[in-house]
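Here is the structure we will look at, set down as structure tokens.
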2 protein chains.
Amino acid sequence: MRPSKRDELVEKALEVFYHNGFHATGMDMLAARTGISKTSMYKHFRTKEDLILAGLRLRDKEFRLWLFRRMEELGSTPRSQLMAMFDALKEWFAQDGFRGCMFIKASAEYQEASDPIFKLSADHKRLLFVYVSELAARAGAAEPEALARRLLILKEGAIVTAHLRLGENPAKDAKAVAKILLAEALGS
Amino acid sequence: MRPSKRDELVEKALEVFYHNGFHATGMDMLAARTGISKTSMYKHFRTKEDLILAGLRLRDKEFRLWLFRRMEELGSTPRSQLMAMFDALKEWFAQDGFRGCMFIKASAEYQEASDPIFKLSADHKRLLFVYVSELAARAGAAEPEALARRLLILKEGAIVTAHLRLGENPAKDAKAVAKILLAEALGS
DNA sequence: GCTTAAATTTACCGATCAGTTAATTAACTT
DNA sequence: AAGTTAATTAACTGATCGGTAAATTTAAGC
């Protein structure tokens, strides 16, 4: 079945928010870009915040699905899958329209710890942590959670660096560090 | 001599922008918070963007001054100063009012590569890179720029992680990776 | 004390913000 | 085809956006 109007709205809104920012994107602009009238949008979502949250939930699902699948495709063992995270990042950075991490940006505009948008952003990162921890455990790490935290610091750093267009290949740099890190944690 | 009205304005505006975001902070709100009327503000700055840029330039200077001085205070050799960067970060993260990196946030709200705010944010990071590269060279790194890029990826990752309040001590995690990295690059 | 210029204030500009009301169109039921 | 309901629209709300014009206060020069 074809996507509902509501799903179309969320998808398109997400795209505009990503490209343009949250506060900088008004509901009128979204109406113009989606071809859906404002009143219809407010039929589906009570507030702009609700629409943003729906967009972020979609992004969370899509991004994790994409990243985890790509890691599994590019790596055959838990250890090589961890390494492959940085190959996947490299692909992402090269996509045109890449503008950094949606959740870093969301948490930059909605900073209150109690803000649902901030919370959802942190939750996304925690779900990544769960997956990477699991993988680190299966790779035989003595402290899988510590290893996961460190790998994810590299990931976040690479994303920020890529977004600011510093360095030629932040994913490659991060991967080089990850290699050393895994050698230390799992043996070379 | 006491700070000029203009400097007071920039300082206070910077603080509000940092806490509240850029688009979310209106000029009327700044007038209310600083006690300076809007017309006076526009005497000093032609546009809101100019005020933001002045704030970011101040932050750039202050932050680099603070970080570099702290690294020199906490470390006696180039190598230990590189390590001390993460001790300084830990101090920063623990300050109340810490809300992540001003420049990451600025570049999240002003994403166009041609935007002066985006450019200034990237320039700030490049100045950090120059300093860390220099230090890496003096520490005897065979590829000081590669080492600097990698250490700074750890720095950015730690900042983002701390801002989202993931993990207990991202600075410590990043430092642990830095230690391994330096051992590999400079010998243990 | 008077004049002049600089700094500050109040009040306002049109545009846009998130969100709503009332009228219209489209779709389904019988 | 008529009647009912659901979806959509244009037009509007008060508030706020970035920015300004004209009036008022403050300060300086003589």
Side-chain angles (χ1 to χ4, degrees), chain A residues 1-57 105-106 108-112 114-118 120, chain B residues 1-57 105-106 108-112 114-118 120:
Chain A
M1 55 180 171
R2 42 183 291 273
S4 72
K5 221 108 222 221
R6 183 193 156 106
D7 291 344
E8 277 178 45
L9 168 58
V10 174
E11 268 172 56
K12 187 67 188 175
L14 181 63
E15 196 183 307
V16 179
F17 284 134
Y18 182 65
H19 186 271
N20 209 55
F22 297 93
H23 285 93
T25 301
M27 296 299 277
D28 290 278
M29 183 182 170
L30 284 178
R33 296 286 208 91
T34 57
I36 299 170
S37 75
K38 241 173 13 145
T39 316
S40 293
M41 298 174 60
Y42 278 97
K43 264 268 150 55
H44 292 299
F45 300 97
R46 247 187 62 262
T47 61
K48 181 184 181 182
E49 178 178 295
D50 282 354
L51 175 57
I52 292 175
L53 287 168
L56 291 179
R57 276 189 278 265
K105 297 199 291 206
E109 291 203 47
Y110 303 90
Q111 308 192 68
E112 295 297 331
S114 60
D115 192 308
I117 296 174
F118 183 94
L120 199 151
Chain B
M1 57 177 172
R2 41 183 290 272
S4 73
K5 218 105 218 228
R6 183 193 156 106
D7 292 344
E8 276 179 46
L9 168 58
V10 175
E11 268 173 55
K12 187 67 188 176
L14 180 62
E15 194 183 307
V16 179
F17 283 135
Y18 182 65
H19 187 271
N20 209 55
F22 296 93
H23 285 93
T25 302
M27 296 299 276
D28 290 278
M29 183 180 171
L30 283 179
R33 296 288 206 91
T34 58
I36 300 172
S37 75
K38 244 180 0 152
T39 315
S40 293
M41 298 175 58
Y42 277 98
K43 262 268 150 55
H44 292 298
F45 300 97
R46 248 187 59 262
T47 61
K48 180 184 181 181
E49 178 178 293
D50 282 354
L51 175 56
I52 293 174
L53 287 168
L56 291 179
R57 275 189 280 264
K105 296 198 293 204
E109 291 203 47
Y110 302 91
Q111 308 192 69
E112 295 297 330
S114 61
D115 192 308
I117 296 174
F118 183 93
L120 199 151

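Numbers restart at 1 for each chain; the letters A, B, ... are given by sequence-line order, proteins then strands.
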**Item:** side chain to side chain contact (heavy atoms under 4.5 Å, CB included) against B:Ala106, all qualifying residues, sequence neighbours excluded
**Value:**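 Only B:Phe22, B:Leu56, B:Ile117, B:Ser121 meet the side chain to side chain contact (heavy atoms under 4.5 Å, CB included) criterion with B:Ala106.
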
Straight-line distance of [X] [atom1] to [Y] [atom2], nearest 0.5 Å:
{"X": "A:Leu120", "Y": "A:Ile52", "atom1": "CG", "atom2": "CD1", "answer": "11.0 Å"}
{"X": "B:Lys12", "Y": "B:Leu30", "atom1": "NZ", "atom2": "CG", "answer": "10.0 Å"}
{"X": "A:Met41", "Y": "A:Met27", "atom1": "CE", "atom2": "CE", "answer": "3.5 Å"}
{"X": "B:Leu53", "Y": "B:Thr47", "atom1": "CG", "atom2": "OG1", "answer": "7.5 Å"}

**Message:** Treating B:Lys105 as the side-chain partner and B:Tyr18 as the backbone partner, does any N or O pair qualify as donor plus acceptor under 3.5 Å?
**Reply:**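 Yes: the side chain of B:Lys105 pairs with the backbone of B:Tyr18.
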
**Request:** Figure out the CG/P separation between B:Asp28 and D:dA15, and round it to whole Å.
**Result:**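 These atoms are roughly 14 Å apart.
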
Considering only nitrogen or oxygen atoms on both sides, find all protein atoms under 3.5 Å from nucleotides 23-25 of chain D and state each distance.
none

Show each protein N/O and nucleotides 25-27 of chain C N/O combination with a separation under 3.5 Å, one pair to a line.
none

**Request:** Return the nearest nucleotide to the side chain of B:Ser37; candidates are C:dA18, C:dT9, D:dG19.
**Result:**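 Side chain of B:Ser37 sits closest to C:dT9.
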
**Prompt:** Got a sec? Which of residues 38-47 of chain A come in under 4.0 Å of DNA chain D, heavy atoms?
**Reply:**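 Those residues whose heavy atoms fall under 4.0 Å from DNA chain D, taken from residues 38-47 of chain A in numerical order, are A:Thr39, A:Ser40, A:Lys43.
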
**Request:** Side-chain contact test, heavy atoms from C-beta onward, threshold under 4.5 Å: evaluate it for A:Glu8 versus A:Thr34 and give yes or no.
**Result:**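 Counting from C-beta outward, A:Glu8 and A:Thr34 never come under 4.5 Å.
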
**Prompt:** How about A:Phe118 and A:Glu109: do any of their side-chain heavy atoms sit closer than 4.5 Å?
**Reply:**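 Heavy-atom side-chain distance check fails, nothing below 4.5 Å.
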
**Asked** Among pairs that include at least one residue of residues 23-51 of chain B, which meet ring pair (Phe, Tyr, Trp, His ring centres under 6.0 Å), considering only residues two or more places apart or in two chains?
**Response**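 As it turns out, the ring pair (Phe, Tyr, Trp, His ring centres under 6.0 Å) pairs with a partner in residues 23-51 of chain B, which skip direct neighbours, are B:His23-B:Tyr110.
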
**Request:** Could you tell me which residues satisfy ring-ring contact (aromatic ring centres under 6.0 Å, His included) with B:His19, sequence neighbours excluded, listed by chain and number?
**Result:**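 Applying ring-ring contact (aromatic ring centres under 6.0 Å, His included) to B:His19 gives none.
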
